[in-house]
Participant: 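Got a structure for you, written out below as structure tokens; questions coming shortly.
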Amino acid sequence: MAETAPLYDTYMRAPLRFERGEGVWLITETGERYLDFAAGVAVNSLGHAHPHLVAELKSQADKVWHLSNLYEVPGQEKLSKRLTDATFADKVFFTNSGAEALECAIKTARRYQFFKGHPDRYHIITFEGAFHGRTIATIAAGGQEKYLEGFGPKAPGFDQVPFGDLDAVRAAITGATAAILIEPVQGEGGIRPATNEFLRGLRQICDEHGLLLVLDEVQSGVGRTGKLFAHEWAGITPDIMAIAKGIGGGFPLGACLATADAASGMKAGTHGSTYGGNPLAMAVGNAVLDVVLADGFLQHVRDVALVFRQGLASLKDRFPDIIEDVRGEGLLLGVKAAIPQSDLLQAIRAEHLLGVPAGDNVIRLLPPLVVTAEEAREGLARIERAAESLRAARVKKSA
């Protein structure tokens with residue numbers, strides 16, 4: 001191990017040092033190969049060193065890296081047009097991260113009500129178990145005490161209600177309510193999908209009360225659930241949507257998408273970003289869409305997801321003492337452990353498979369969307385070996 005670097009002590013890092021990646025594999029400095037079903041927490045949507053992404057990034061790097069938003073950026077015009085053509089949206093604001101995309105979404109919703117003559121309507125209904133980022137506003141939106149503690153008073157204007165409870169949503173609406181903000185699938189909260197009926201109910205409530213429906217698709221978007229965006233499964237459209245992670249394929253990129261009406265209050269000078277929409281990010285984002293929007297790609301995600309989900313369900317049946325539940329949509333899957341989450345994560349890591357911890361004692365399994373059925377089966381075999389080793393250790397301990 002290298003000497004400890006003078007970094008903030010904010011991360012509990014695994015003792016792994018990766019030198020390079022190839023598709024769904026990561027290779028350490030010593031040449032060990034790991035099957036990467038963490039994908040940088042759902043970021044490396046097309047795996048590592050995808051040739052098309054690499055080529056487009058290298059090509060742009062020879063031209064211009066940064067311009068700021070003082071000038072027109074052709075890559076922004078191209079990517080925003082492709083995003084609006086493929087979604088409900090009419091307008092796009094580019095950011096560098098998911099948290100920034102959520103900040104823009106929150107500001108857009110509040111500014112909409114202000115612009116429409118309702119300056120007192122700035123409260124946003126959010127849900128218990130949510131995670132929307134690490135800024136002062138987004139930790140308040142998420143409402144989880146472990147992220148709020150020690151950072152002063154919680155930013156006002158966010159009202160948490162139980163996830164999945166339409167009656168609680170209705171009861172929380174007041175004359176100050178501007179919008180409802182929800183993840184179609186709670187990621188950090190433990191891979192908890194909202195039902196289609198619940199999402200449709202939220203859309204109806206927003207329509208009835210003049211509220212904006214804001215979706216956080218930072219983790220669930222860009223093909224992760226087998227549709228371009230998770231809300232499509234419910235047959236609804238939001239007014240505002242925050243995306244990031246997969247749209248950059250590993251390059252820092254986020255965006256806030258909105259209808260023309262929802263974005264009507266965001267006039268010149270109301271919001272900005274120095275780096276947002278830089279030419280490098282735009283080149284990679286467009287390259288990601290080249291692949292994700294190609295004929296057959298999302299069907300591939302759905303097909304492999306079925307193989308993987310069925311395999312996980314079989315492991316749950318065979319190892320109920322290790323795996324309590326399997327949940328999620330597409331390749332946004334979670335295994336709820338029947339033992340301490342850390343024990344299962346350590347065991348699968350010992351089999352050279354990478355996953356991501358989440359709330360509710362869940363391990364997220366987030367393979368790159370280019371994963372093959374054969375690679376999914378290889379992942380299942382490694383999880384099976386991990387479960388067998390954990391069971392054997394428990395038997396030995398009780399003997």
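Not measured: the values here are computed from a predicted model.
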Participant: Would you say the ring centers of Y34 and F18 fall short of 6.0 Å from each other?
Facilitator: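 Aromatic pair counts; centres sit under 6.0 Å.
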Participant: Salt bridge or not for E183 and R192, using N-O below 4.0 Å?
Facilitator: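 No.
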Participant: Is the number of heavy atoms from other residues, nucleotides or ligands within 6.0 Å of CD (Q346) greater than 12?
Facilitator: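 Atom CD in Q346 is not crowded, with 12 or fewer foreign heavy atoms closer than 6.0 Å.
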Participant: Run the salt-bridge test on R364 and E188 with the 4.0 Å N-O cut-off and return the result as yes or no.
Facilitator: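 Counted as a salt bridge, because a side-chain N and a carboxylate O are separated by less than 4.0 Å.
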Participant: Go through the steps for N278 and H66 under the test side chain to side chain donor-acceptor pair (under 3.5 Å), then give the verdict.
Facilitator: CA-CA 5 Å; N278 69 80; H66 176 73; 5.8 Å; no
Participant: Assign the ring pair F229 / H231 to parallel, tilted or perpendicular, where the plane angle (0 to 90°) is split at 30° and 60°.
Facilitator: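 Parallel, since the angle between the ring planes stays under 30°.
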Participant: Say whether, by atom type as modelled, one donor and one acceptor occur between the side chain of Q341 and the main chain of A358 under 3.5 angstrom.
Facilitator: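 A pair under 3.5 Å: yes.
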Participant: Name the one of L332, T372, L331 that satisfies side-chain contact (heavy atoms from CB on, under 4.5 Å) with P367?
Facilitator: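 With P367 as partner, side-chain contact (heavy atoms from CB on, under 4.5 Å) holds for just one option, L331.
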Participant: Ion pair present between D290 and R82, side-chain N to carboxylate O less than 4.0 angstrom?
Facilitator: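 Salt bridge present between D290 and R82.
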Participant: Inspect the contact between R203 and D207 and indicate whether a charged nitrogen and a carboxylate oxygen are less than 4.0 angstrom apart.
Facilitator: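 Result for this pair is yes, salt bridge flagged.
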Participant: How are the rings of F93 and H271 set relative to one another: parallel (under 30°), tilted (30 to 60°) or perpendicular (over 60°)?
Facilitator: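 Tilted, since the angle between the ring planes falls between 30° and 60°.
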Participant: Decide, yes or no, whether a salt bridge links R20 with E22 under the criterion of side-chain N to carboxylate O below 4.0 Å.
Facilitator: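 A salt bridge links R20 with E22.
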Participant: List the steps, then state whether side chain to side chain contact (heavy atoms under 4.5 Å, CB included) holds for H352 with L35.
Facilitator: CA-CA 6 Å; H352 285 205; L35 192 55; over 6 Å; no
Participant: Assess whether atom CZ of F114 is packed by more than 12 heavy atoms of other residues, nucleotides or ligands within 6.0 Å.
Facilitator: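 No, the 6.0 Å shell around CZ holds no more than 12 heavy atoms from other groups.
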Participant: Should we say atom CZ of F319 is surrounded by more than 12 heavy atoms from elsewhere, each under 6.0 Å from it?
Facilitator: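 More than 12 within 6.0 Å, yes.
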Participant: Closer than 4.0 angstrom, basic N to acidic O: yes or no for D360 and R327?
Facilitator: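 Between R327 and D360 there is a salt bridge, with a charged N closer than 4.0 Å to a carboxylate O.
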Participant: Check whether more than 12 heavy atoms from other residues, nucleotides or ligands sit under 6.0 Å from atom NZ of K336, and answer yes or no.
Facilitator: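 Yes, enclosed.
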Participant: Give the C-alpha distance, both sets of side-chain angles, the deciding distance and a yes or no for side chain to side chain donor-acceptor pair (under 3.5 Å) between S97 and E100.
Facilitator: CA-CA 5 Å; S97 68; E100 290 174 83; 3.0 Å; yes
Participant: Going by an N to O cut-off under 4.0 Å, is there a salt bridge joining K91 and D261?
Facilitator: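 Salt bridge between K91 and D261, a charged N being under 4.0 Å from a carboxylate O: no.
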Participant: So, are R382 and E378 salt-bridged, with charged N and O less than 4.0 Å apart?
Facilitator: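 Looking at R382 and E378, the cut-off is met.
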Participant: Is there side-chain contact between E103 and T138, with heavy atoms separated by less than 4.5 Å?
Facilitator: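 E103 reaches T138 side chain to side chain.
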Participant: Output, in order, the C-alpha distance, side-chain angles, deciding distance and verdict of ring pair (Phe, Tyr, Trp, His ring centres under 6.0 Å) for F158 and Y122.
Facilitator: CA-CA 9 Å; F158 298 99; Y122 66 90; 9.0 Å; no
Participant: Got a salt bridge between K316 and D325, using NZ or NE/NH1/NH2 to carboxylate O under 4.0 Å?
Facilitator: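 Result for this pair is no, no salt bridge flagged.
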